[in-house]
K.L.:
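Mind having a look at this structure? Questions to follow.
Because the structure is a prediction, the values reported are computed rather than measured. Every number for a ligand or one of its atoms is a count from 1 in the order of the listing.
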Amino acid sequence: MIEAVRLTKRYGAKTAVDDLSFQVRPGVVTGFLGPNGSGKSTTMRMILGLDRPTSGHVTIGGHPFRALPNAPRQVGALLDARAVHGGRTARAHLLALAQLAGIPAGRVDEVLGVVGLRDVARRRSKGFSLGMGQRLGIAAALLGDPQVLLFDEPVNGLDPEGILWVRNLMRALAAEGRTVLVSSHLMSEMALTADHLIVIGRGRLLADMSVRAFIAANSAGFARVRVPADEPEQRKRLVAALTEAGGFVLPERDGALRVTGLPLPRISDLAHGAGARLWELSPHQASLEEAYMRLTQAAVDYRSTDDRLAELGPLPEQPEAPVVPEVPLEGWYAPPPPVPGAAPGAVPVPAAPVSGAVPAPAAPAPGAVPAAGPDGGGAPGGGGPERSRTHESPEEAR
Ligand SMILES: Nc1ncnc2c1ncn2[C@@H]1O[C@H](COP(=O)(O)OP(=O)(O)OP(=O)(O)O)[C@@H](O)[C@H]1O
């Protein structure tokens with residue numbers, strides 16, 4: 001188990017990690033989520049003893065990383081897949097790490113097979129694609145057959161087949177009882193890979209819960225409402241009535257209105273009262289990615305000036321939030337967007353599909369879990385001298 005207690009890291013005036021406490025348990029994949037610059041890598045480096053906390057502490061199995069006996073057998077990490085000596089072949093790179101940690105050469109060939117790099121094992125890594133580099137970094141992390149694994153953005157640069165492979169690998173490693181911490185800034189990917197989520201923003205803990213609980217807590221319902229495009233006055237009156245009644249109204253790109261905070265029958269009554277004809281009134285569910293963006297919205301450091309999500313309000317209090325059906329509710333009329341000039345369609349069609357992601361059952365990865373390796377000492381698998389990032393401030397360089 002990994003345990004962080006009031007972990008804080010400051011770089012001068014910048015607080016990268018702020019009073020962060022969490023536990024990462026064995027047997028499940030824990031997703032470590034946060035926007036760019038939220039402190040994920042800094043936290044991982046502190047877990048691995050590569051950065052010293054300003055205050056607080058973090059332990060693996062009850063010990064600080066640097067006090068762990070045989071660290072490479074206990075902890076493997078992928079921090080930065082680019083931190084490889086480009087002139088070396090994939091095999092030579094792994095052999096060098098294995099030698100440092102006292103791991104026999106046979107294990108190198110094993111992990112090359114596990115990550116699918118056996119055919120290119122004798123090619124120099126500087127010619128590798130981003131995805132091949134990620135696979136090499138994962139191979140390095142697996143080298144010591146460790147019980148605790150940390151992966152910083154492991155799917156970066158991978159194609160869909162590679163992403164699925166990583167997902168299955170993470171789940172297979174956790175199913176073996178290992179502790180697996182995977183960072184990402186993509187909620188959709190983590191919803192498919194992780195069982196548990198730790199979400200941070202600006203270095204602070206925003207959520208620590210199971211994926212299931214996150215979905216239940218954050219899937220807000222909303223209504224899509226559409227008035228005839230050539231009736232701007234009706235639209236204006238409707239927006240005023242909805243807002244007056246406590247709803248939150250956001251215009252969508254195609255001219256529809258997204259309404260939260262009001263049940264559909266109430267929206268219908270308000271539209272009637274405002275003399276607005278409705279061409280669409282349909283229930284929808286916010287996607288998990290959107291819920292995540294809402295959660296982290298106030299903690300995003302880098303934002304485009306054209307960011308429409310910034311306009312989305314906070315999740316409304318919805319004690320009676322509409323349940324989104326798999327099929328349209330009887331009586332809900334949700335036609336496709338009207339074609340300009342055409343009469344509104346009279347035949348009800350199914351509402352838009354529910355977009356809330358649900359964790360998919362992951363297939364086991366055949367041969368994904370490496371066999372036991374021998375004892376070794378030194379740096380964590382994949383976290384050797386060549387692999388550490390250059391984030392460390394000068395006063396900490398050891
Ligand atoms: N050595 C350093 N010196 C000064 N500031 C740093 C240093 N390392 C990290 N930071 C700052 O700390 C904050 C957290 O950075 P970190 O790399 O941990 O975030 P992250 O969540 O991993 O981001 P990303 O998803 O973009 O990789 C950022 O604002 C970053 O600029």
K.L.:
Does His185 reach ligand 1, in the sense of a heavy atom lying below 4.0 Å from it?
P.N.:
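No, that is not the case, since the closest heavy atom of the residue is not under 4.0 Å from the ligand.
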
K.L.:
Considering Leu79, Asn156, Thr15, Thr42, which one's heavy-atom position lies nearest to atom 18 (O) of ligand 1?
P.N.:
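Nearest option to atom 18 (O) of ligand 1, by heavy atoms: Thr42.
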
K.L.:
Below 4.0 angstrom from a heavy atom of Ser38, which ligand 1 atoms are there? Numbered from 1 as shown, please.
P.N.:
19 (O), 20 (P), 21 (O)

K.L.:
Do NZ/NE/NH1/NH2 and the carboxylate oxygens of Arg10 and Asp18 come within less than 4.0 Å?
P.N.:
no

K.L.:
Hey, does Gly39 come in under 3.5 Å of ligand 1, counting only N/O atoms on both sides?
P.N.:
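N/O-N/O distance under 3.5 Å: yes.
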
K.L.:
Show your working on side chain to side chain contact (heavy atoms under 4.5 Å, CB included) between Thr30 and Val180 and close with a plain yes or no.
P.N.:
CA-CA 6 Å; Thr30 299; Val180 183; over 6 Å; no

K.L.:
Kindly confirm or rule out an N or O of Gly37 lying under 3.5 angstrom from an N or O of ligand 1.
P.N.:
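Yes.
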
K.L.:
Counting from 1, what ligand 1 atoms have a heavy atom of Asn36 closer than 4.0 Å?
P.N.:
23 (O), 24 (P), 25 (O), 26 (O)

K.L.:
Quick one, Ser282 with His284, criterion side-chain hydrogen bond (donor to acceptor under 3.5 Å, both in side chains). Give me CA distance, side-chain angles, the key distance, then yes/no.
P.N.:
CA-CA 7 Å; Ser282 56; His284 294 265; 2.8 Å; yes

K.L.:
Which atoms of ligand 1 are found less than 4.0 Å from any heavy atom of Pro35?
P.N.:
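The list of qualifying atoms is 21 (O).
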
K.L.:
Does a donor on one side chain sit under 3.5 Å from an acceptor on the other, for Gln147 and Gln74?
P.N.:
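No, Gln74 and Gln147 have no side-chain donor paired with an acceptor closer than 3.5 Å.
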
K.L.:
Below 4.0 angstrom from a heavy atom of Arg45, which ligand 1 atoms are there? Numbered from 1 as shown, please.
P.N.:
8 (N)

K.L.:
Charged N to carboxylate O below 4.0 Å: is that the case for Arg135 and Glu161?
P.N.:
yes

K.L.:
Ligand 1 and Ser41, any nitrogen or oxygen pair closer than 3.5 angstrom?
P.N.:
yes

